[in-house]
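I have placed the structure first, in the form of structure tokens, so that the comments after it can refer back to it.
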Amino acid sequence: MNAPINYWPQCAYKTLQVSADNQLLVTDDFLRTYLLRDELNLVLESCAVEKLLHQRLTQNPRAAVSETEIAEMMDSDIQENYRIWLRYRTKLLTASSLESFYLGLFAGDGVDVPPLFVNQLVQIFMRHILGDKPSAMDARVAELFFRSQKMTVLEDGLVMSADHETIERNAQAPEFANIVDLLKQTTVAMKSIDLDVLHEDNVDLYWTRDSNYDFAIPLNFGQTAVEHFSKLLAQWLNHFLGIEVKITPLAAINDPQWVWHVGLDAASTEILNALYNKDMVEANSIARLICLFRLDFISPNVALPELTGKPVYLGMAMNHDKLLKLKPQNLLFNLPLAPVS
């Protein structure tokens, strides 16, 4: 089964325009999608001022809104929701593209955009990078970029990754769903379609529930998902910075000339920093490392001169709560790139 053209419809990718240089441009329809979110959409209790404003913005999502108009709303929470969204809207419309807006978020002193919005942007970028006909494994692995993962190490050493929100939602249900039961298993010998582990025999099922985020994948060295993840990291870097790299999964870093590394999340950054500085690192911290990678620059003259020909090591790790919270912006901002003249 091929990927449906409108997979991940909730991210609103199809409401955007694509520029001649493959950048994403904000449209009125994209702005309108925010008015349909729970934070801004009308409810029975909405006051008359809120209803009028919502109607006006639906007709013209770029319309000016005064603080006086917001203050006249009856619900203080809705007032604050509008203030947050209007600040966000202003920055979106000021940027030359969605990519420029995203890069600008992390180039300043701090991110003042709700994490929910940032994750939605990352999903949009991954949708753009994947195109209309990705493999199901690519799409599932791309979820790591914008959705927190719950990690479970099974007794046979297999490291399973499942969507954290899905796990939490199912754990509160009267009967656990298959994915919760799966993460309690001690082997994958029994894996099948019913167990919700994505593998080569059931990949077509992903497209029947691509918005459910309910497939688990193994992330050990040598697993197919890790190979796909490596390629997506390279594509992510190429899309934003226009440079080509080769990223290769590693079982370990055995390099006496190790000179540069990037943690793809807060946990791996802390662990790799300690290893690089030859600090004492406890075994349970090392055990939290999920994957290691080697990045080699293919594009010439993009790395600092002293890094020419030398690899950059990457890592990702679960935190103390066994969550993987990827920070894909780290790869864009923490590489040893030469200044652009």
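Heads up: numbering here begins at 1 and tracks the sequence. All values below come from the heavy atoms of this structure, side chains included, with hydrogens, waters and symmetry mates left out.
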| field | Centroid-centroid under 6.0 Å between F125 and F145 rings | value | no

| query | Is it true that a side-chain atom of S268 and a backbone atom of G315 form a donor plus acceptor pair closer than 3.5 Å? | reply | yes

| field | Six-ring centre of Y213, R147 cation under 6.0 angstrom, axis tolerance 45° | value | yes

| query | Do W8 and Y13 make the cut of ring centroids closer than 6.0 angstrom? | reply | no

| Check: N334 side chain, V262 main-chain N or O, donor-acceptor pair, under 3.5 Å | no

| Only one of L324, D321, N319 forms a side chain to side chain contact (heavy atoms under 4.5 Å, CB included) with M151, so which one is it? | L324

| said: Main chain of R37, side chain of N41: is a donor-acceptor contact present, judged purely on distance under 3.5 Å? | reply: no

| said: Strictly below 4.0 Å, N to O, side chains only: are K150 and E165 in salt-bridge contact? | reply: no

| request: Compare all side-chain heavy atoms of H239 with those of Q23 and state whether any distance is below 4.5 angstrom. | output: yes

| Cationic tip of R209 above F215 ring, under 6.0 Å, 45° of axis | yes

| message | Looking at E99 and L24, would you say the former's side chain and the latter's main chain have a donor-acceptor pair under 3.5 Å? | response | yes

| said: Would the distance check show the side chain of R89 and the main-chain N or O of P61 forming a donor-acceptor pair, the cut-off being under 3.5 Å? | reply: yes

| Do other residues, nucleotides or ligands put more than 12 heavy atoms under 6.0 Å from K322 NZ? | no

| task | Look only at the side chain of S97 and the backbone of L25, and say whether a donor-acceptor pair between them is shorter than 3.5 Å. | result | no

| Does any N or O in the side chain of N81 come within less than 3.5 Å of the main-chain N or O of E39, such that one atom is a donor and the other an acceptor? | yes

| task | Measure from NZ or CZ of R127 to the centre of the six-membered ring of Y7 and say whether it is under 6.0 Å with the direction within 45° of the ring axis. | result | yes

| request: Determine, stepwise, if the pair S299 / E244 fulfils side chain to side chain donor-acceptor pair (under 3.5 Å). | output: CA-CA 5 Å; S299 296; E244 293 187 25; 5.3 Å; no

| Can any side-chain N or O of T27 pair as donor or acceptor with the backbone N or O of F30 at less than 3.5 Å? | yes

| field | Under 3.5 Å: donor-acceptor pair, side chain of T94, backbone of T90 | value | yes

| request: Take L326 and F146, measure what side-chain contact (heavy atoms from CB on, under 4.5 Å) needs, and give me the verdict at the end. | output: CA-CA 7 Å; L326 211 67; F146 55 88; over 6 Å; no

| field | R294 side chain vs Y313 backbone, donor-acceptor pair below 3.5 Å | value | no

| task | Would you please indicate yes or no on a ring centroid separation below 6.0 angstrom for H261 and W258? | result | yes

| query | Can R288 and E270 be said to form a salt bridge (charged side-chain N to carboxylate O under 4.0 Å, His left out), step by step? | reply | CA-CA 11 Å; R288 289 194 287 112; E270 180 181 353; 5.2 Å; no

| field | Qualifying residue, where the test is side chain to side chain contact (heavy atoms under 4.5 Å, CB included) with Y206 and the options are V203, D204, D210, N202 | value | D210

